[in-house]
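When a ligand or atom number is given, it counts from 1 through the structure's own listing order.
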Amino acid sequence: MALERTFSIIKPDATRRNLTGRINAKFEEAGLRIVAQKRIHMTRAQAGEFYGVHRERPFYDELCEFMSSAPVVVQVLEGENAIARNREIMGATNPSDAAPGTIRAEFAESVGENSVHGSDAPETAAVEIAYFFSGLEIVG
Ligand SMILES: Nc1ncnc2c1ncn2[C@@H]1O[C@H](COP(=O)(O)OP(=O)(O)OP(=O)(O)O)[C@@H](O)[C@H]1O
């Protein structure tokens, strides 16, 4: 299978606790290569646009506040089946349901403050990568 790329965010709860390196080690141990990465502080408007699909959900405002509350690390991960592989090592949205050894089982604080985001399909990965990175920022 060809290499695939996915988009990832290390969320504010994790950057606040200085967990970027430990989370990146999990990606690399799982065979995912970090091909682009930068630390940004999202505005409330950017967070709202990024999570626009959840606009009608009861947790939308809380989610947008959280995502713009501190810097995040946005990343492009590459590997075989990168989208599914990343979802697997992230673990379930709610850390209390996440399988042992997954990022959320080890690091997430709650269903909202759950340390990482990962694209769920090729179409969303492409849109999310293009939203945060220009082609020139990604080598090879
Ligand atoms: N019940 C909830 N209360 C608060 N925040 C929530 C709740 N459910 C989801 N969220 C937040 O919204 C994000 C998006 O929800 P979604 O159901 O798409 O989960 P996901 O696909 O596992 O996560 P992500 O899209 O961030 O990778 C979650 O990662 C979490 O931060």
Side-chain angles (χ1 to χ4, degrees):
M1 146 134 202
L3 289 180
E4 184 176 67
R5 284 178 175 172
T6 190
F7 176 72
S8 163
I9 304 179
I10 301 181
K11 294 184 179 182
D13 66 285
T15 60
R16 269 196 200 103
R17 289 176 289 148
N18 229 5
L19 292 172
T20 302
R22 289 170 69 188
I23 292 174
N24 278 347
K26 291 275 199 189
F27 295 141
E28 293 185 339
E29 281 159 17
L32 296 174
R33 185 181 300 279
I34 300 156
V35 296
Q37 166 168 269
K38 62 187 172 187
R39 183 174 181 268
I40 62 167
H41 194 148
M42 276 199 238
T43 63
R44 173 72 175 67
Q46 266 180 321
E49 192 179 351
F50 182 74
Y51 277 117
V53 293
H54 295 307
R55 196 162 277 132
E56 304 305 326
R57 310 277 288 274
F59 56 81
Y60 177 69
D61 282 338
E62 181 190 328
L63 176 60
C64 296
E65 287 302 322
F66 166 59
M67 290 301 290
S68 57
S69 66
V72 299
V73 175
V74 293
Q75 320 176 288
V76 180
L77 308 179
E78 183 180 85
E80 279 190 22
N81 282 318
I83 295 169
R85 186 82 186 105
N86 185 37
R87 298 287 295 182
E88 189 179 304
I89 61 168
M90 285 164 58
T93 308
N94 189 335
S96 55
D97 300 330
T102 60
I103 293 169
R104 284 167 169 166
E106 287 196 15
F107 302 121
E109 303 200 291
S110 66
V111 64
E113 308 208 355
N114 59 3
S115 303
V116 280
H117 160 80
S119 308
D120 59 3
E123 299 72 28
T124 44
V127 169
E128 292 172 0
I129 289 170
Y131 185 79
F132 287 102
F133 292 95
S134 79
L136 290 174
E137 288 176 297
I138 309 175
V139 176

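Connection of Met67 to Val111 is not established within any shared hydrophobic cluster, with ILVMFWY side chains joined at heavy-atom distances below 4.5 Å, either directly or through further cluster members. In this structure, Ile34 is not a member of the same hydrophobic cluster as Val76, with clusters built from ILVMFWY side-chain heavy atoms closer than 4.5 Å.
Side-chain contact of Asn86 with Thr6: a donor-acceptor pair under 3.5 Å is absent, judged by distance alone. Side-chain polar atoms of Asn81 and Glu88 form no donor-acceptor pair below 3.5 angstrom.
Within 4.0 Å of ligand 1, the residues that place a heavy atom are Lys11, Tyr51, His54, Phe59, Glu62, Leu63, Arg87, Met90, Thr93, Arg104, Val111, Gly112, Asn114, His117, Gly118, listed by chain and number.
Other residues, nucleotides and ligands contribute over 12 non-hydrogen atoms within 6.0 Å of the CZ atom of Arg44.
Comment: Arg55 does not engage Asp61 in a salt bridge, judged by the lack of any side-chain N to carboxylate O separation of less than 4.0 angstrom.
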